[in-house]
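Following: one structure in structure tokens, then a few remarks.
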Protein chains: 4
Amino acid sequence: MTDQSVIIGGSVTPKRVDRSARREEILAAAVRVFARKGFAATRIDDVAREADIGKGSVYLYFDSRDALLSAAFEAFAARSRTVLQRAREGTGPPLERLGSLVRSVLAALAEDPELAHILLDLWSSGRAQSQLPLDMPSVYSEYRTVIAELLREAEAEGTVRQGVGQHHATVIVGAVEGCLLQWLLEPRLPITELAEPILEVCVEGLRRRKEA
Amino acid sequence: MTDQSVIIGGSVTPKRVDRSARREEILAAAVRVFARKGFAATRIDDVAREADIGKGSVYLYFDSRDALLSAAFEAFAARSRTVLQRAREGTGPPLERLGSLVRSVLAALAEDPELAHILLDLWSSGRAQSQLPLDMPSVYSEYRTVIAELLREAEAEGTVRQGVGQHHATVIVGAVEGCLLQWLLEPRLPITELAEPILEVCVEGLRRRKEA
Amino acid sequence: MTDQSVIIGGSVTPKRVDRSARREEILAAAVRVFARKGFAATRIDDVAREADIGKGSVYLYFDSRDALLSAAFEAFAARSRTVLQRAREGTGPPLERLGSLVRSVLAALAEDPELAHILLDLWSSGRAQSQLPLDMPSVYSEYRTVIAELLREAEAEGTVRQGVGQHHATVIVGAVEGCLLQWLLEPRLPITELAEPILEVCVEGLRRRKEA
Amino acid sequence: MTDQSVIIGGSVTPKRVDRSARREEILAAAVRVFARKGFAATRIDDVAREADIGKGSVYLYFDSRDALLSAAFEAFAARSRTVLQRAREGTGPPLERLGSLVRSVLAALAEDPELAHILLDLWSSGRAQSQLPLDMPSVYSEYRTVIAELLREAEAEGTVRQGVGQHHATVIVGAVEGCLLQWLLEPRLPITELAEPILEVCVEGLRRRKEA
DNA sequence: GATGAATGAGACTTCATTCAT
DNA sequence: CATGAATGAAGTCTCATTCAT
């Protein structure tokens with residue numbers, strides 16, 4: 001609304017850098033609090049204190065409390081998109097790209113547990129009444145699509161069984177997200193170590209090979 | 001509305017309504033609203049209206065709003081325990097019992113989508129800020145334990161590969177819950193049809209058998 | 001409203017005895033609870049439970065919760081009136097009748113601590129906003145009047161100094177009630193033993209010096 | 001309405017209003033309402049309206065409705081302590097200091113009838129059910145102690161009869177508080193004029209007969 | 001821009017009172 | 001008469017949002 005511009009060296013330099021950096025700081029603070037207390041229990045005051053600014057100042061950067069959750073969702077979705085994009089653009093055998101994808105997803109969230117923790121809230125908010133336009137469903141839809149593509153390539157290559165399709169993509173996404181869920185509920189589970197078992201189970205299956 | 005005096009076990013109930021039946025009615029109404037709007041957005045008034053009683057009457061059967069969520073959790077946990085118990089007590093080849101378990105879990109929730117929908121809230125409540133003593137983590141812990149037992153039996157039998165253990169149990173639980181999650185976010189996914197792909201992926205794996 | 005009468009031996013005997021006995025029971029129960037928890041914190045439910053009847057039944061005997069306090073006030077006022085009447089009608093030296101009065105007041109309340117305890121609530125209710133028509137002020141007014149009469153008689157007799165009047169009556173009433181107050185706040189104070197010090201302080205201070 | 005930034009002790013107060021001044025304003029408003037309607041009948045809304053602020057603003061300065069009563073108690077107790085301290089530290093004949101004390105107590109409350117009126121509620125709150133930690137009993141205990149000390153000094157001096165002790169102190173405290181009680185119930189009583197009768201009754205009654 | 005005091009809508013909860021049985 | 005389940009008005013308290021400084 002107010003566009004205080006500062007003229008430096010003859011070029012118009014909107015204070016955008018500062019503004020957006022400050023916005024990011026606040027968002028990061030908000031995510032930390034969401035992770036700690038959950039969205040429902042998080043007060044604007046908590047966020048302001050965490051960001052070490054005044055309560056009113058939060059509203060200079062975000063329209064509303066809900067907007068903070070939306071922004072957190074955006075951060076999560078952006079990261080997801082990046083990871084998925086990389087898998088899509090990657091080269092090499094599709095099953096290896098699948099492996100990388102699974103490892104990346106788990107590593108990304110293990111590295112940033114704060115963001116991971118708000119997953120639960122995002123799942124809840126992704127449903128029903130929520131006035132928020134957080135499109136969680138489409139995040140998972142894209143996720144399934146990418147994996148289905150990889151499986152299709154693998155099928156074309158002959159590295160996976162015939163008849164593998166959408167549903168199997170859903171199962172793989174499910175295995176990853178379900179392991180994350182369990183880790184969120186039980187932080188002692190070694191999340192990064194679960195990548196290999198996930199791939200073993202999904203790719204190799206549990207049944208013993210007859211002649212192996 | 002009032003369902004007269006009710007005979008239970010041959011003795012006349014002291015008063016007019018069957019307390020526990022009425023309690024269940026209100027809980028069912030609450031679960032319907034939770035499913036529709038989520039716990040955070042559900043007002044006592046909503047529950048009362050759904051149950052077609054006065055707001056104050058809810059408090060005759062539940063101590064607080066939180067107690068409603070606790071009760072919903074109990075209903076969910078009780079059902080989980082039943083399903084798991086059945087798998088534990090079952091006879092027959094362990095991998096078949098695993099199959100039954102997976103199918104039962106999905107069928108149970110598909111049959112009662114209302115209860116399934118509050119899963120998201122229960123997951124959230126299972127973490128952090130919640131003062132509620134909803135022990136979601138232990139639900140999943142037991143779940144993993146039962147599956148790990150089945151895998152151990154199968155390993156003893158020689159029907160699964162050696163080295164299969166806790167982590168693989170976590171992956172199977174994850175696959176089931178992760179598929180449920182996706183269904184909750186995207187109700188068009190055919191949840192019951194996912195049981196077979198889950199079992200295929202987990203038991204058989206995706207990779208094509210060399211000599212098949 | 002309902003006047004269920006029972007014919008016994010040919011005479012109409014309204015069930016008044018029972019009815020009024022029951023009323024007294026409830027009132028006594030109410031007074032016990034008021035004494036224990038104070039009027040503000042007393043619930044109709046508490047009274048019903050104490051009287052061992054159903055909550056709704058309280059309303060068969062009292063119009064409202066406030067009516068219970070009114071009735072308790074009436075009981076207190078009636079007792080006060082009795083004590084005062086006795087002092088008024090008594091014969092003998094006025095200062096001795098004053099002594100009896102003081103001893104009676106303290107003894108009456110010491111004997112029935114329950115009623116004494118609600119004095120505090122009655123004092124509060126005797127003021128301001130209270131919709132209740134509890135006329136505490138007139139209880140004390142009558143009290144002062146009776147004592148002033150005794151003092152006037154004593155003055156006429158020459159047993160107290162001249163100039164003793166209304167204000168001194170107020171002081172004597174005050175001394176008694178003020179001691180009661182302290183006892184209510186600090187039950188270890190020996191309330192009945194305070195009668196003599198009160199009389200010593202007050203009467204000896206008023207008695208004309210013999211030879212002066 | 002907002003009274004700008006205020007300089008206290010040379011340092012700029014961090015924000016705009018002086019928190020403690022505003023707190024006092026609200027407390028004063030609360031005391032006015034308590035005096036008018038009694039604590040039990042006073043709603044937060046009443047206090048807010050009296051202070052001409054929003055309902056929620058009360059909670060910026062007091063944790064709860066009960067905290068308002070506690071604060072009012074503190075104001076009363078602080079004043080009591082001051083009056084008592086003065087009597088304790090005073091010099092001069094003990095019976096004169098007793099006279100000053102009685103006059104001070106009556107004058108202090110006569111001057112601030114608002115605070116006096118809540119005495120009734122404080123007495124009630126000093127008992128039983130109240131969760132509040134208002135220690136009315138100890139106020140009166142200290143009061144008795146100070147007067148007992150004065151009497152002991154007077155006894156040592158020979159200005160009061162032998163055998164005068166704790167109980168007589170209780171009677172004097174009672175006379176003062178009992179007169180206040182009557183004034184509260186019957187505001188037409190001339191409270192300040194009662195100091196002399198109280199002293200006449202009590203002091204002359206205690207003074208040793210010169211030639212006896 | 002920054003702040004935090006102020007606000008008041010709205011949620012929970014209590015409990016006096018009613019009334020069908 | 002007796003009862004206690006049901007009710008909803010009313011009260012406390014919270015907190016997102018606004019706005020004067």
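In what follows, chains are A, B, ... by sequence order, proteins preceding strands, each numbered from 1. This structure is a prediction, so every number in the text was calculated from the model and none was measured.
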Partner of dT21(F) under the Watson-Crick or G-U wobble criteria, both distances under 3.5 Å, comes out as dA2(E)

R65(B) atom CZ is separated from dC13(F) atom P, nearest whole Å, by 19 Å

Between CZ of R49(B) and C1' of dT7(F) the distance, given in whole Å, is 15 Å

- Query: Counting just side-chain N and O atoms, does R22(C) come under 4.0 Å of either OP1 or OP2 of dC1(F)?
  - Reply: no

- Side-chain N or O of R43(C) less than 4.0 angstrom from OP1 or OP2 on dA16(E)? yes

Closest to the 5' end of DNA chain E, once L60(D) and S64(C) are matched to their nearest nucleotides, is L60(D)

I53(B) CD1 to dG4(F) P, in whole Å, measures 20 Å

Rounded to whole Å, the OH-C1' distance (Y59(D) to dC12(E)) equals 13 Å

Result for 5'-nearest mapping on DNA chain E, choosing between G54(D) and I44(B), is G54(D)

Discussion item. Looking at dG1(E), I'd like to know if its phosphate oxygens (OP1 or OP2) sit under 4.0 Å from a side-chain N or O belonging to R19(A).
Written reply: yes

inquiry  = When you measure from the side-chain N and O atoms of Y61(D) to the phosphate of dA6(E), is any distance below 4.0 Å, counting only OP1 and OP2?
reply    = yes

To the nearest angstrom, the CG-C1' distance between D45(A) and dA6(E) comes to 13 Å

Which of dG1(E), dA5(F), dC12(E) is nearest the side chain of K55(B)? It is dC12(E)

query = Heavy atoms under 4.0 Å, any strand shown: does F62(C) hit a base, just sugar-phosphate, or nothing?
reply = nothing

When rounded to whole Å, the CG to P distance for the pair D52(D) and dA5(E) reads 19 Å

Picking from dA6(E), dA5(E), dA2(F), the nucleotide nearest the side-chain atoms of S57(C) would be dA2(F)

In whole angstroms, the gap separating P of dC15(F) from CG of L68(A) amounts to 16 Å

